[in-house]
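Each remark here refers to the structure printed beneath this line.
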Amino acid sequence: MMFKTRFAPSPTGLLHLGNIYSALQCESWAKEHHAELLLRIEDIDFTRCKPEFTQQMVDDLAWMGVSFDGDVMYQSQRLKLYDKALQKLINMGVLYPCFCTRKEIQANTRHTHALDNYPKTCRDLNAEEVLERKQHTAYAWRLHSQKVSTMVANHDLYWLDGDEKKQWFNLDDMGDVVIGRKDIQVSYHLAVVVDDAAQAITHVIRGRDLRSSTPVHRTLQLLLGFSSPIYIHHALLLDTQGTRLAKSKGSTTIQSLREMGLSAADVRKLIKKASIS
Ligand code: GLU
């Protein structure tokens, strides 16, 4: 079987060294395994993603010499498919509408080690109350982790790592994560699972920062009847202070390095020398 992986950046800013490090991890894995490497632009968050960032990202990747197989997939063009998956989950009874504001959630949250600390305020609203509130309040859709536990078998609650070792997880550790956001009625989790299935991705290679999302993805795959890829979480590139590079912290962008006159080979060397964690 031909292996398939993907690089899936979100165009919420310009491509920085940390993103390119991730793209190069995907590229080198694909080369080593004679796998296809696809590019997916995760641009559903219209409040933060901008077309000019997408354009520059595609251009920077080409300049870096990272080549992709097939057509680029744009999540912003696939909203109907995410909605179909959302409706399926709603019909299965595993989602519930959540009317809470960010402020209300913060005020009521007791911190636990769960991925999502939502205090489950809206979990037990009765049907009448839900109907009434839906008329005048925007709402998100949350996964009812307790109901999910009655629909998926405990022996399926694992994901496979790069050594094909089972990484077990517990639904309580996941919490009632948002599957359909209030503003866009989809979430990163749902879109990524629908697309990894649509693109028949066999191996997901992504940063360690997303490791805690993998149980959510596996759970959605079980509910939606999708097969699960193998997940390889790579280390993260650190800046000179030893903290993780992130777009929001004004990390070095590829565009700025290009403007400084560096070549793609120079950038690759720079990344090889940088420290990871
Ligand atoms: N779009 C996500 C990001 O830029 C990555 C998604 C993934 O690899 O699953 O952080």
Side-chain angles (χ1 to χ4, degrees), residues 3-30 35-51 53-58 60-61 64 66 68-69 72-79 81-82 85 115 159-162 167 169 174 177-179 181 184 186-221 224 226-237 244-249 251 253-254 276:
F3 289 158
K4 261 191 190 183
T5 188
R6 79 316 190 261
F7 177 54
S10 305
T12 53
L14 293 172
L15 211 64
H16 60 78
L17 282 175
N19 302 127
I20 277 292
Y21 176 71
S22 194
L24 297 181
Q25 293 294 308
C26 297
E27 180 195 55
S28 98
W29 187 92
E36 275 185 37
L37 173 59
L38 308 181
L39 176 62
R40 180 161 79 224
I41 302 290
E42 304 209 320
D43 55 352
I44 44 170
D45 185 346
F46 59 81
T47 57
R48 298 197 305 143
C49 297
K50 294 205 168 78
F53 292 146
T54 301
Q55 201 49 48
Q56 189 64 39
M57 259 184 182
V58 172
D60 284 342
L61 286 163
M64 280 295 299
V66 183
F68 295 96
D69 297 292
V72 182
M73 179 181 269
Y74 296 91
Q75 287 194 328
S76 54
Q77 297 171 359
R78 299 173 50 77
L79 300 177
L81 291 161
Y82 308 140
L115 172 65
W159 50 270
L160 287 179
D161 69 13
Q167 298 290 336
F169 63 90
M174 217 163 71
V177 279
V178 171
I179 301 300
R181 277 171 41 170
I184 49 177
V186 54
S187 67
Y188 152 65
H189 301 304
L190 185 61
V192 97
V193 160
V194 168
D195 290 345
D196 282 338
Q199 293 187 301
I201 299 300
T202 59
H203 293 74
V204 169
I205 295 143
R206 61 185 179 196
R208 252 187 215 159
D209 52 328
L210 291 169
R211 190 185 162 104
S212 60
S213 297
T214 304
V216 182
H217 300 176
R218 166 70 170 164
T219 303
L220 291 175
Q221 285 150 1
L224 292 166
F226 296 151
S227 56
S228 298
I230 284 173
Y231 289 91
I232 298 164
H233 300 103
H234 63 71
L236 301 172
L237 207 61
R244 181 168 89 80
L245 284 175
K247 273 174 278 204
S248 49
K249 284 192 278 178
S251 315
T253 63
I254 303 307
I276 52 168

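Below, all heavy atoms of this structure are taken into account, side chains as well, without hydrogens, waters or symmetry copies. In listed order, ligands and their atoms are each counted from 1.
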**OP:** Kindly write out the residues that satisfy side-chain contact (heavy atoms from CB on, under 4.5 Å) with T47, not counting sequence neighbours, or none if the list is empty.
**Re:**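 D45, R181, D183.
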
**OP:** With heavy atoms under 4.0 Å as the rule, classify the contact between D209 and ligand 1 as side chain, backbone, both or neither.
**Re:**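 Neither; nothing of D209 gets under 4.0 Å from ligand 1.
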
Give the atoms of ligand 1, by number and element, whose distance to some non-hydrogen atom of [X] is under 4.0 Å.
X	result
S10	1 (N), 2 (C), 3 (C), 4 (O)
V192	9 (O)
R206	7 (C), 8 (O), 9 (O)
R6	7 (C), 8 (O), 9 (O)
Y188	6 (C), 7 (C), 9 (O)

**OP:** Check the side chains of S213 and R218 for a donor-acceptor pair under 3.5 angstrom, ignoring hydrogens and angles.
**Re:**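 Per modelled atom types, R218 and S213 side chains form no pair under 3.5 Å.
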
Original post:
Going by atom types alone, do Q75 and D43 pair a side-chain donor with an acceptor below 3.5 Å?
Top reply: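 Side-chain D/A pair, Q75 to D43: absent.
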
**OP:** Mind running ring-ring contact (aromatic ring centres under 6.0 Å, His included) on Y231 and H203 for me, showing each step along the way?
**Re:** CA-CA 6 Å; Y231 289 91; H203 293 74; 9.7 Å; no

Original post:
Do any pairs count as a salt bridge (charged side-chain N to carboxylate O under 4.0 Å, His left out) and have a residue in residues 7-22, sequence neighbours left out, and if so which ones?
Top reply: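 As it turns out, there is no salt bridge (charged side-chain N to carboxylate O under 4.0 Å, His left out) pair with a partner in residues 7-22 once direct neighbours are skipped.
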
**OP:** Side-chain contact test, heavy atoms from C-beta onward, threshold under 4.5 Å: evaluate it for H217 versus Y188 and give yes or no.
**Re:**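 Yes, side chains in contact.
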
**OP:** Give yes or no for whether the N/O distance cutoff of 3.5 Å, strictly under, is met between V204 and ligand 1.
**Re:**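 By distance alone, the answer is no.
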
